[in-house]
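Please read the structure below before turning to the comments.
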Amino acid sequence: QVQLVESGGGLVQAGGSLRLSCAASGRTFSNYAMGWFRQVPGKEREFVGAITLSGRSTYYADSVKGRFTIARDNAAKPMYLQMNSLKHEDTAVYYCAASPRNYGLEYTTQYNYWGQGTQVTVSS
């Protein structure tokens with residue numbers, strides 16, 4: 001079992017930055033590929049980005065490419081989502097997730113474990 005806890009959400013003006021953290025406990029954090037998703041009320045959970053088990057490859061949704069960066073330290077330290085040049089449409093609850101698989105990371109079905117989410121609000 002892996003427990004995930006997100007932190008770092010909050011209110012920021014458009015154009016600003018936030019860094020979200022995802023801390024894990026339980027099984028070895030470095031045995032999982034990790035992803036970030038976001039969700040607004042009434043819509044499906046949306047892929048934001050992911051990082052492979054080794055940390056050598058990252059993938060991003062087109063909507064955040066060039067603005068968001070995922071980083072992880074396989075020595076069981078938190079995974080981060082650095083969000084720059086934030087836009088009002090980035091407002092959502094952000095979730096981190098862990099997957100024992102190293103492919104198809106843009107799909108929610110690939111993930112076995114989810115955090116509780118952290119709210120990000122970008123004022124326009």
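For the single chain, residues carry numbers from 1 onward in sequence order.
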Heavy-atom closest pair, residues Gln110 and Gly104
CG-O, 2.9 Å
Could you pull out the closest heavy-atom pair between Ser17 and Ser85, with the gap in Å?
OG-N, 4.3 Å
Salt bridge check, Lys87 against Asp90: does any charged N sit closer than 4.0 Å to a carboxylate O?
no
Glu6 versus Leu20: any side-chain heavy-atom pair under 4.5 Å?
no
Over all heavy atoms of both residues, which pair between Val40 and Thr91 is shortest? Give the atoms and the distance, please.
CG1-O, 3.1 Å
Less than 4.5 Å apart, side chain to side chain, heavy atoms only: is that true for Gln119 and Leu11?
no
Given the rule that I, L, V, M, F, W and Y join up when any side-chain heavy atoms are under 4.5 Å apart, are Ile51 and Phe47 in one cluster?
no
Kindly indicate whether the side chain of Met79, heavy atoms from C-beta on, has any atom under 4.5 Å from the side chain of Trp36.
yes
Quick one: are Gln39 and Thr108 in side-chain contact, heavy atoms under 4.5 Å?
no
Does the side chain of Phe37 come within less than 4.5 Å of Val93's, by heavy atoms?
no
Less than 4.5 Å apart, side chain to side chain, heavy atoms only: is that true for Leu105 and Tyr111?
yes
Is any side-chain heavy atom of Arg101 less than 4.5 Å from a side-chain heavy atom of Asn112?
yes
Run the side-chain contact (heavy atoms from CB on, under 4.5 Å) check on Val122 and Glu89 step by step: do they pass?
CA-CA 8 Å; Val122 184; Glu89 50 265 42; over 6 Å; no
Closest non-hydrogen atom pair between Arg38 and Tyr94, with its separation:
NH1-OH, 2.9 Å
Compare all side-chain heavy atoms of Met83 with those of Arg67 and state whether any distance is below 4.5 angstrom.
no
Out of curiosity, does Ile70 fall in the hydrophobic cluster containing Leu18 (side-chain heavy atoms, cut-off under 4.5 Å, transitive links)?
yes
Which heavy atom in Asn102 sits nearest to a heavy atom in Ala33, and how many Å separate them?
OD1-CB, 3.6 Å
Atom pair OG1 (Thr121) and NE2 (His88), whose distance is rounded to the nearest 0.5 Å
9.0 Å
Crowding at NZ, Lys65 (>12 non-hydrogen neighbours, <6.0 Å):
yes
Ser21 vs Tyr80, test: side-chain contact (heavy atoms from CB on, under 4.5 Å). Steps then yes/no.
CA-CA 5 Å; Ser21 298; Tyr80 299 104; 3.2 Å; yes
In the single-linkage hydrophobic clustering (I, L, V, M, F, W, Y; side-chain heavy atoms under 4.5 Å), do Tyr113 and Met34 co-cluster?
yes
Between Thr69 and Gln82, does a side-chain hydrogen bond (donor to acceptor under 3.5 Å, both in side chains) hold up when you go through it step by step?
CA-CA 5 Å; Thr69 303; Gln82 178 67 43; over 6 Å; no
Looking only at heavy atoms, which two atoms of Tyr95 and Arg45 are closest? And how far apart?
CZ-NH2, 3.4 Å
Joint cluster assignment, Val12 & Val64, ILVMFWY side-chain distance < 4.5 Å
yes
